[in-house]
Protein chains: 4
Amino acid sequence: MNDIGQGTGSAAGSKRKDARRNRQTLLDAAAAVFVTSGVEAPVRDIAAKADVGMGTIYRHFPTRADLVIAVYRHQVDACAEAGPALLATGPTPHAALGRWIDLFVDFLVTKHGLAAALQTDNADFETLHAYFLDRLLPVCTQLLDAAAASGEIRSDLNAYQLMRGVGNLCIGADSDPRYDARRLVELLVAGLRQPR
Amino acid sequence: MNDIGQGTGSAAGSKRKDARRNRQTLLDAAAAVFVTSGVEAPVRDIAAKADVGMGTIYRHFPTRADLVIAVYRHQVDACAEAGPALLATGPTPHAALGRWIDLFVDFLVTKHGLAAALQTDNADFETLHAYFLDRLLPVCTQLLDAAAASGEIRSDLNAYQLMRGVGNLCIGADSDPRYDARRLVELLVAGLRQPR
Amino acid sequence: MNDIGQGTGSAAGSKRKDARRNRQTLLDAAAAVFVTSGVEAPVRDIAAKADVGMGTIYRHFPTRADLVIAVYRHQVDACAEAGPALLATGPTPHAALGRWIDLFVDFLVTKHGLAAALQTDNADFETLHAYFLDRLLPVCTQLLDAAAASGEIRSDLNAYQLMRGVGNLCIGADSDPRYDARRLVELLVAGLRQPR
Amino acid sequence: MNDIGQGTGSAAGSKRKDARRNRQTLLDAAAAVFVTSGVEAPVRDIAAKADVGMGTIYRHFPTRADLVIAVYRHQVDACAEAGPALLATGPTPHAALGRWIDLFVDFLVTKHGLAAALQTDNADFETLHAYFLDRLLPVCTQLLDAAAASGEIRSDLNAYQLMRGVGNLCIGADSDPRYDARRLVELLVAGLRQPR
DNA sequence: CATGAATGAGCTTTCATTCAT
DNA sequence: GATGAATGAAAGCTCATTCAT
């Protein structure tokens, strides 16, 4: 409020633009580091990759969860948004559910350590966990309810458990060639089907 | 001379008894610490709990994996041994498989951090991973084969993947009241069933 | 803006000054500790002496060799640079060699444990060893060659061996009043003289 | 005492013999370990090699120096005893000195870490140092005096310094193929010669 | 006497987080 | 706002030495 004499609005504008650019640099760097070292990579590494001081990271993303969320927000959002569309176009609700889960798995499986971080009881990641649930749980619930309503699947598993199970199945999937998370998830989803 | 069947030699007998007691103290302490802090708990903590120097732990269990294996060996063995029995008594192979997996899940779910450790790519736990596989994979394979042979289940999932999936589903199960690993595993196993 | 010629960039200038002061504190502390406890003194001790966290040492000097080199760099460089001058001014090349070696000995003899560290096969000190050789071997070679060319000394000892011998003779010289490394080195150099 | 039926007095005899054998086993093991790991090898390793408890080592050789001395005693003694003989047979006292020193060097150079241990200020090795001096200093003095008396060498270097110098030159000689301690010692001894 | 288990100080190294500049 | 230096708690691991059996 007391920044009289700072110049015109455009000055503040460029400031903001700078900050925004910086933020994006950070996100890109973090994404890159997460791929190679996982989401628990040392803050220093990320700062180095972004060519930025560590303080800058803490300023933009006070907790690690904030950073992780920011990095994956777009993809999580895209996943969330895909739900209704799939439901509308899918042959059946259960099929839509399956395809939506595939989307989620595709996302998780390619994020080194993300699935594990989501399940960890580490306090650092509580917010991360919460974000994913906030965003995806309603969608999953909708799909699940639809599938249950159509009689295709049993209705005794809630979306939280399903998402948790799927997330769990994705843990470590990228580092073990003998394991195929997609396959396992497929079986899990198959298991949901109403026993004739 | 009258300790035939006692093991290796008699000279060190008295010493042996002490060491054995100590070893047990250690295992108990480790088990206790594992429950609260997970299998990655600092060696120091375990030593403290056992009221023992850290060196003592390293003497008995040179690597962390050795300790973890020792702590859970009996239960893993029991699980392994239960396989054939279940197969013999179960109504069907698939039912036997389900019950055997329940056993495994019951075990894992109560061991804070074990399931996660099994899936970690941390070199410390390689041996642990190997031990579980050595012990349980053959049993699982046998059950799976039998179920496949009986035509109850699809035969396109190998035991490794199944165990990995089940193990994954157990991660973090003890610290989240909203999640029921047993339930998810049940669905997974159901998903194995031959589609009509 | 007026720090032209100060080094790399101006933005970090103020920071740099601080760090530089700290670096110097570290070097002083290390030098002091080295005097009393030798160059293998615990990192903690050096940090304590400098009244600094241990991390600070690791930041400035990632390996122990880096620290040791930094502590002695000036003196090693001075020694290296003295070579050509001595050669130019000395009555004979052999005399110059002798005086140059005296310089080296004076340096080594006052550095508790340095001579020993130079000869140790401890991997930590490889770099240190290399640094000394890089810096001093060429100089020694030059002097040795000149003396050989002048016919004063035998030419069948290379500079590496000479330096190693001299270095060895300096080991422990500071802690044994009955031993006079300078004297021994003098004899060694005398032994180089061409047998009439 | 309650080993009635063990036999006659010969039992005690065998006891002693046992102890002696044990002692020898220890020395052999230590010698072997010293070769590969140096004289500072962990006590445990030596005990293991000897297939003996660590307590046994401490009983026989309370300090490390005691053990080292015992291991090398014969060779040190042999070296000491060779002195007078060489003096009697050598062409000149200086030649005898040179040959005696060669003997010493041959001994030292083949004992990984011994030369360094002799020069260390580590309190553990004080006794070792003392033993070597006790045994060899008189011999060296005798040879040196004779050579000085014959006018072959300068008389201003005492035996202690000479031995120390020679010892120093042997440090690390076995692990550096570019360094030839014998050569350097030869030069040192040459340097002793009375300048014309 | 011998054994070897136990002790625990001592060292190294890594990083999350803070904060002076 | 940005920087990155500094901090210092944590953990791991090793061995000399003691001492109960």
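Just so we're clear, the structure is a prediction, and the values are computed from it rather than from any experiment. No hydrogens, no waters, no symmetry mates; every other heavy atom, side chains included, goes into these values.
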For T25(B) and R21(B), indicate whether the former's side chain and the latter's backbone hold a donor-acceptor pair under 3.5 Å. yes
Hey, does the side chain of R64(A) reach the backbone of A41(A) with a donor-acceptor pair shorter than 3.5 angstrom?
yes
5' to 3', nucleotides 13-18 of chain E under a 4.0 Å protein heavy-atom cut-off (B base, S sugar-phosphate only, - none) gives BB-BBB
For S37(C), the side chain to side chain donor-acceptor pair (under 3.5 Å) test, sequence neighbours excluded, returns none
Side-chain N or O of N22(A) closer than 4.0 Å to phosphate OP1/OP2 of dA2(F): yes
So the stems of DNA chain F, runs of at least three Watson-Crick or G-U pairs (under 3.5 Å), are E:2-21 with F:2-21
query: Do the side chain of R73(C) and the main chain of V68(C) share a donor and acceptor less than 3.5 angstrom apart?
result: no
When rounded to whole Å, the CD1 to P distance for the pair I46(A) and dT3(F) reads 15 Å
- Hey, is the side chain of T56(B) poking within less than 4.0 Å of OP1 or OP2 on dA5(E), counting only N and O atoms? no
Here the distance between atom C1' of dA6(E) and atom CD of Q24(B), to the nearest Å, is 18 Å
Here the distance between atom C1' of dG4(F) and atom CZ of R59(A), to the nearest Å, is 14 Å
ring-ring contact (aromatic ring centres under 6.0 Å, His included) pairs touching residues 31-67 of chain B, sequence neighbours excluded, are none
F61(C) atom CZ is separated from dA6(F) atom C1', nearest whole Å, by 14 Å
*asked:* Within the structure provided, determine whether L27(C) and Q24(C) are in side-chain contact (heavy-atom separation under 4.5 Å).
replied: yes
Those residues at least two apart in sequence (or on a different chain) that pass ring pair (Phe, Tyr, Trp, His ring centres under 6.0 Å) with F125(C) are none
Sequence neighbours excluded, the answer for side chain to side chain donor-acceptor pair (under 3.5 Å) partners of T63(D) is D66(D)
> Can you check whether H60(A) has a side-chain N or O nearer than 4.0 Å to OP1 or OP2 of dG1(F)?
Replying inline: no
When rounded to whole Å, the CD1 to C1' distance for the pair I57(B) and dA5(E) reads 14 Å
Are any of the side-chain heavy atoms of V39(C) and K111(C) separated by less than 4.5 Å?
no
In whole angstroms, the gap separating C1' of dA9(F) from CG of D45(B) amounts to 13 Å
L26(A) atom CG is separated from dG1(F) atom P, nearest whole Å, by 14 Å
